[in-house]
There are 4 protein chains.
Amino acid sequence: MINIDLRSREPIYEQLIDNIKQLIFSGILAPDEKLPSVRELASQLTINPNTIQKAYKELENMGYIYSARGRGNFVMPVDRNKGEVYGMELLNKMKELVREANYVGIPKKSILEMIDDIYNKSVNKEVQK
Amino acid sequence: MINIDLRSREPIYEQLIDNIKQLIFSGILAPDEKLPSVRELASQLTINPNTIQKAYKELENMGYIYSARGRGNFVMPVDRNKGEVYGMELLNKMKELVREANYVGIPKKSILEMIDDIYNKSVNKEVQK
Amino acid sequence: MINIDLRSREPIYEQLIDNIKQLIFSGILAPDEKLPSVRELASQLTINPNTIQKAYKELENMGYIYSARGRGNFVMPVDRNKGEVYGMELLNKMKELVREANYVGIPKKSILEMIDDIYNKSVNKEVQK
Amino acid sequence: MINIDLRSREPIYEQLIDNIKQLIFSGILAPDEKLPSVRELASQLTINPNTIQKAYKELENMGYIYSARGRGNFVMPVDRNKGEVYGMELLNKMKELVREANYVGIPKKSILEMIDDIYNKSVNKEVQK
DNA sequence: GTGGTCTAGACCACA
DNA sequence: GTGGTCTAGACCACC
């Protein structure tokens, strides 16, 4: 499920963060579900525990997971109060990619299909409008 | 036109690259148009010329600009042959953002509006489908 | 009355200690009043009894409660002889918070109101000067 | 200026954070002023650079400093937009200490003097009300 | 067994 | 020279 490229320019701990975020966003990791322990994931990916620790800590700072000493790390239930600021940032990041897609000739249809695919699977009916 | 935040965590040269790419994608910088010279941009942004140089070099490697010795740097005309691989990468990056947007509750409508806005302004009629 | 956040970064036993200390300081728990038994509190908060035990033990060491074997734990009557050293520590901790409040722009008035509120409710007339 | 107790229960990096925060709040470190480099502070305090790094990173996350690769760490200019939530948290922490002070018999006057002392030195006239 | 802190030491990326 | 990443390995704190 988790895919790390040791040769990549992107730091290992950031790849980890991205991987786990995607598992959360796609619902594979449910709210309050326990993540693999630091040591377990470390040995499984043959990566130093400190690096896993760092990724988990960062995810905690970002509000995606919470960490309880002696018990483990868990997925933080969604906080839809993240606010409009955060939403705007997300949309702006997407905007840059869409401009590039338009520029290199990716048809609009391909993008719309991808979006439909994700939103149709969503449990949250409100956002589908 | 170019906006650098010296306090940002993102390296200055990367901010430069992103800025210039966006100027190209949005058509503000036209194909074969000349970019500001390294020195000029450096003094204008009060940034070390080496940093500008590095950004230009990288943009050249990525194929977005070309450099003509003694004359300056110019916008590379679009190459729509970048291939499907590149397109897939772009779509995958967008996919991650869309999943997050869905997760935090951004309505589909907001995203579609943003996309329409960009594609409608496009000169390239082919991609609008 | 007791409020534990299992998702908090602060250890559960410390949250317990803080909660009980506040109940004592605010007079909700009177001197020589009996605290809930370890088992009772454990099942009520669905927390490991060892954790409750640890909190009680610590509170006893700090002099806020005393334990009578076979009978339970009780609130220790106030000892105003804790000495000037202890008072200075308290004031220094407050000082740090006040500096921060000043820095982030909290008006002095808000702080004074909060203090008045607490001291006016106090039974101890001596300290109100 | 910075005071670390290696024997304390409080982690070194947290002591560092508190120390630096106080230097900022009291105006000893001015906005956009450069902090000592990681290595410099490490050798000066005979502490491992990683530990300093960790403290700086945390301070960055909290928004008190910003960090620029190749240049150093700098004090972040105050953001009075931290919002009321943050202010309430601060006041609640103070509240707990004030209750305790009241309980152990610290006279109100001592607290008020301390507060006056801090707010009178403040440049920000608005908060002195 | 779980997360968290710390050190020593290597190596990379940025300006 | 500045910050950032990573490893190996030790030890502590919590539940």
Side-chain angles (χ1 to χ4, degrees), chain A residues 4 6 8-16 34-43 45-60 65-74, chain B residues 4 6 8-16 42 45-55 58, chain C residues 4 6 8-16 42 45-55 58, chain D residues 4 6 8-16 34-42 45-58 60 65-74:
Chain A
I4 302 296
L6 293 175
S8 163
R9 276 201 49 174
E10 193 184 9
I12 296 173
Y13 84 102
E14 283 190 9
Q15 293 183 51
L16 262 171
K34 189 175 176 299
L35 298 169
S37 84
V38 172
R39 291 158 166 78
E40 190 185 332
L41 196 53
S43 77
L45 302 174
T46 58
I47 281 174
N48 191 294
N50 283 328
T51 305
I52 311 282
Q53 181 78 274
K54 187 169 185 175
Y56 276 9
K57 174 106 185 191
E58 195 95 335
L59 282 164
E60 190 189 7
I65 70 175
Y66 61 91
S67 170
R69 251 215 281 243
R71 290 187 294 134
N73 290 275
F74 305 83
Chain B
I4 301 296
L6 292 176
S8 163
R9 156 153 240 79
E10 194 183 9
I12 294 173
Y13 87 102
E14 281 189 12
Q15 291 185 51
L16 260 172
L45 301 173
T46 57
I47 280 175
N48 192 316
N50 289 327
T51 306
I52 312 279
Q53 189 61 266
K54 179 165 187 176
E58 196 110 329
Chain C
I4 301 296
L6 290 177
S8 163
R9 155 152 241 79
E10 193 183 8
I12 295 173
Y13 87 100
E14 281 189 12
Q15 291 185 52
L16 260 173
L45 301 174
T46 58
I47 279 175
N48 191 317
N50 289 327
T51 306
I52 313 280
Q53 189 62 269
K54 178 165 184 177
E58 196 110 328
Chain D
I4 302 296
L6 293 176
S8 163
R9 278 200 47 173
E10 193 184 10
I12 295 175
Y13 86 102
E14 282 189 9
Q15 293 183 51
L16 261 172
K34 188 175 177 297
L35 298 169
S37 85
V38 172
R39 291 157 165 80
E40 190 185 331
L41 196 52
L45 301 174
T46 57
I47 281 173
N48 190 294
N50 283 330
T51 305
I52 311 282
Q53 181 78 275
K54 186 169 186 176
Y56 276 9
K57 176 108 185 190
E58 194 96 336
E60 190 190 7
I65 71 175
Y66 61 91
S67 172
R69 252 215 285 238
R71 291 187 294 134
N73 290 277
F74 305 83

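Each chain gets a letter, A, B and so on, in the order the sequences are listed, and its residues count up from 1.
The side chain of D/Gln53 contributes an N or O atom lying less than 4.0 Å from OP1 or OP2 of F/dG4. One finds no side-chain N or O of C/Lys54 lying less than 4.0 angstrom from the OP1 or OP2 phosphate oxygen of F/dC15. Phosphate proximity of E/dG4 to C/Arg9: present, with a side-chain N or O under 4.0 Å from OP1 or OP2.
Remark: F/dC14 base-pairs with E/dG1. Criterion, Watson-Crick or G-U wobble with two distances under 3.5 Å. In this entry E/dA8 has F/dT7 as its Watson-Crick or G-U wobble partner, both defining distances falling under 3.5 Å.
When distances are taken from the side chain of D/Glu14 to each of E/dT5, F/dC6, E/dC14, the shortest belongs to E/dT5. The side chain of D/Ile47 approaches E/dT7 more closely than any other nucleotide in the set E/dT7, E/dG4, F/dG3. For D/Thr51, the listed nucleotide lying nearest its side chain is E/dT7; candidates were E/dC14, F/dT7, E/dT7. The listed nucleotides are F/dT2, E/dG3, E/dG4; the one nearest the side chain of D/Ser37 is F/dT2.
At whole-Å resolution of the value, CD1 in D/Ile65 and C1' in F/dG3 are 11 Å apart. Distance CZ (A/Phe74) to P (F/dC15): 12 Å, rounded to an integer number of Å. Rounding to whole angstrom units, CG of residue D/Asn50 and P of E/dG4 are separated by 17 Å. Rounding to whole angstrom units, CG of residue A/Leu45 and C1' of F/dT7 are separated by 15 Å. When the C1' atom of F/dC12 is taken as reference, atom CD1 of D/Ile12 falls 13 Å away, rounded to whole Å. Look at CG on A/Leu35: it is 16 Å from C1' on E/dG4, rounded to the nearest Å. Atom pair A/Leu41:CG and F/dC6:P shows a separation of 14 Å (rounding to whole Å applied). Protein atom CD of D/Glu58 is 13 Å distant from nucleotide atom P of F/dG4, rounded to whole Å.
At least one donor-acceptor pair under 3.5 Å links the side chain of A/Ser43 to the backbone N or O of A/Glu40. Judged by distance alone, the side chain of A/Gln53 and the main-chain N or O of A/Val38 form no donor-acceptor pair under 3.5 Å.
Both A/Tyr13 and C/Tyr13 sit near DNA chain F, but only A/Tyr13 has its closest nucleotide nearer the 5' end. Residue whose closest nucleotide on DNA chain F sits further toward the 5' end, between A/Leu6 and D/Asn73: D/Asn73. When each of A/Gly72 and B/Glu10 is assigned the nucleotide of DNA chain E with its nearest heavy atom, A/Gly72 is the one assigned upstream, toward the 5' end.
Not a single donor-acceptor contact under 3.5 angstrom links the side-chain atoms of A/Asn48 to the base of F/dG9. In terms of polar N and O atoms assigned as donor or acceptor, the side chain of D/Arg39 comes within less than 3.5 Å of the base of F/dG3 in a complementary pairing.
The distance from atom CD1 of D/Ile47 to atom CD of D/Gln15, rounded to the nearest 0.5 Å, is 8.0 Å. Interatomic distance, CG of A/Leu59 versus OH of A/Tyr13, reported as 11.0 Å (0.5 Å rounding). Rounding to the nearest 0.5 Å gives a distance of 11.0 Å between NZ of A/Lys57 and NZ of D/Lys57.
Tested against A/Thr51, the residues A/Ile4, A/Leu41, A/Leu45, A/Ile12 include a single side-chain contact (heavy atoms from CB on, under 4.5 Å) partner, A/Ile12.
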